[in-house]
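Naming convention: chains lettered A, B, ... in sequence-line order (proteins, then strands); numbering from 1 in each chain.
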Protein chains: 2
Amino acid sequence: MSCEADTTALLRSGGRRLTPQRQRVAAALQHAGGHRTVEELHELMAGQPDTPMALSTVYRALTTLKELRLVSEVDAGGRAAFTWVDHSRPHHHLVCLGCGVERDLDPALLRQLGSEIRAVTGFDAFLDHFAIMGECARCRQAAAQT
Amino acid sequence: MSCEADTTALLRSGGRRLTPQRQRVAAALQHAGGHRTVEELHELMAGQPDTPMALSTVYRALTTLKELRLVSEVDAGGRAAFTWVDHSRPHHHLVCLGCGVERDLDPALLRQLGSEIRAVTGFDAFLDHFAIMGECARCRQAAAQT
DNA sequence: CTGCCCTCCGCGAATATTCGCAATTGTACG
DNA sequence: CGTACAATTGCGAATATTCGCGGAGGGCAG
């Protein structure tokens, strides 16, 4: 897969090293899919025949991967959760602060925003995977009746 | 100030109570200005003649205020920092992941995004105070040369 | 005004996350 | 292929943050 080559190249960039631990964390997250907590990933790898990994190493690997924008971090009720970012399929979430429901948002809207920001400020906004807080129509109506 | 009246009304909404602790946390954050860590706020109030406040209470008050969108939370290198949100002057930040520089963004761009999201999905996006991660022009050039 | 209910607070314990340090081990280079 | 250097890991300790519980106190019905 090309993604592996990309990952390798990215991990090597900026004086970083391609270590088995980072590869394993990356692989585990890709394989598991969805949102995974640090604990889940750690246990997942504890089941592997390789040398067990320290929990702090998982944290550090995820931090590194996040800096490279290979994973994104979201808040899952008190503990951190991570997702593998598929750059070939950017998507965004609208999260309702009222009921917690999540729905996807048309990527086109944010793509346009990204272009505008770039045009106005020269800033390259990272909008591959983005969560916007808000309130859904249902909760808004419920709140209005209060 | 009207902000106090607003705060009071907001805090009373949804069956919530206006407690001295919440008022003190809100006041401390408004007075201190800028980004403050929980620890800072706690010490700030420890210097007051009133009854000392438990640290966990500061956390909980800030959580409540955040739910009411009176404060916003940002990540200040491992520990959480909070800012008082001035709804009369919405503003947004572009944060460069490379050099850490922050610059403001024209609110009009996001206001438009908010309208579009609302039109398309019925979702009411909260975009009063928003941070977008990215890379500034300078860092992008530097990275390209690597 | 009085009583009841439900939200909050303080406290201490449980979790989650980060840090410091010495030992390892990728990588670049000769 | 062997060496040198700096990034990384493991481990345990230090921090940061959340939770659960019992007791108070605010606010509304009667």
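- If you measure from atom CG of Leu11(A) to atom C1' of dT8(D), you get 12 Å, rounded to the nearest angstrom.
- At least one test fails for Arg118(B) against the ring of Phe123(B): distance under 6.0 Å to the centre or angle within 45° of the axis.
- Remark: the backbone N or O of Val74(A) is not paired with any side-chain donor or acceptor of His35(A) at under 3.5 angstrom.
- Between Cys96(B) atom SG and Arg103(B) atom CZ the span is 11.5 Å, to the nearest 0.5 Å.
- One hydrophobic cluster, built from ILVMFWY side chains closer than 4.5 Å, cannot hold both Val85(B) and Val38(B); they sit in different ones.
- Residues from residues 57-66 of chain A lying near DNA chain C, meaning a heavy-atom separation below 4.0 Å, are Tyr59(A), Arg60(A) in numerical order.
- Looking at heavy-atom distances under 4.0 Å, Leu18(B) makes no contact with the nucleic acid at all.
- Annotation: side chain to side chain donor-acceptor pair (under 3.5 Å) contacts of Glu73(A) (sequence neighbours excluded): Lys66(A).
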Chi angles and distances behind the side-chain contact (heavy atoms from CB on, under 4.5 Å) call for Leu55(A), Glu39(A): CA-CA 8 Å; Leu55(A) 193 56; Glu39(A) 197 61 31; 4.3 Å; yes
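- With sequence neighbours left out, the side chain to side chain donor-acceptor pair (under 3.5 Å) criterion links Arg16(B) to Glu67(B).
- At a non-hydrogen distance threshold of 4.0 Å, nothing from residues 19-26 of chain A comes into contact with DNA chain C.
- Arg22(B) places no side-chain N or O within 3.5 Å of a backbone atom of Arg60(B) that could act as its donor or acceptor partner.
- Among the candidates Leu65(A), Leu62(A), Thr64(A), the single residue satisfying the side chain to side chain contact (heavy atoms under 4.5 Å, CB included) test with Leu70(A) is Leu65(A).
- Within the 3.5 Å criterion, the main-chain N or O of Ile117(B) finds a donor-acceptor partner in the side chain of Thr121(B).
- Atom CD of Glu40(B) is separated from atom P of dT17(D) by 12 Å (rounded to the nearest Å).
- Per the geometry, NE2 belonging to His42(B) stands 16 Å off P belonging to dT15(D), to the nearest Å.
- End-to-end axis angle of the helix from dC1(C)-dG30(D) to dG30(C)-dC1(D), using five pairs per end and rounding to 10°, comes to 50°.
- Remark: side-chain polar atoms of His92(A) are not paired, donor with acceptor, to backbone N or O of Leu110(A) under 3.5 angstrom.
- Atom CG in Leu41(A) sits roughly 15 Å away from atom C1' in dT17(C) (whole-Å rounding).
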Interface polar pairs with nucleotides 4-6 of chain C, N/O, under 3.5 angstrom:
from   : atom 1 : to       : atom 2 : distance (Å)
dC6(C) : O2     : Arg17(B) : NH2    : 2.7

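- The nearest whole Å value for the distance from the CD atom in Glu67(A) to the P atom in dT8(D) is 10 Å.
- The backbone N or O of Thr37(A) sits less than 3.5 Å from a side-chain atom of Glu40(A), completing a donor-acceptor pair.
- The side chain of Ser56(A) sits closest to dT18(C) out of dC11(C), dT17(D), dT18(C).
- The separation between Glu73(B) atom CD and dA16(D) atom P is 15 Å, rounded to whole Å.
- Straight-line distance from the CG atom of Leu55(A) to the P atom of dT8(D): 19 Å, rounded to whole Å.
- Remark: Arg79(B) is not in phosphate contact with dT15(D), judged by side-chain N or O atoms under 4.0 Å from OP1 or OP2.
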Verdict with supporting geometry, Leu127(B) and Arg111(B), side-chain contact (heavy atoms from CB on, under 4.5 Å): CA-CA 7 Å; Leu127(B) 300 172; Arg111(B) 209 177 307 131; over 6 Å; no
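- Between the P atom of dA16(C) and the CD atom of Glu43(A) lies a distance of 11 Å, rounded to the nearest Å.
- Met45(A) is not listed as a side-chain neighbour of Gln21(A), based on a closest heavy-atom distance of 4.5 Å or more.
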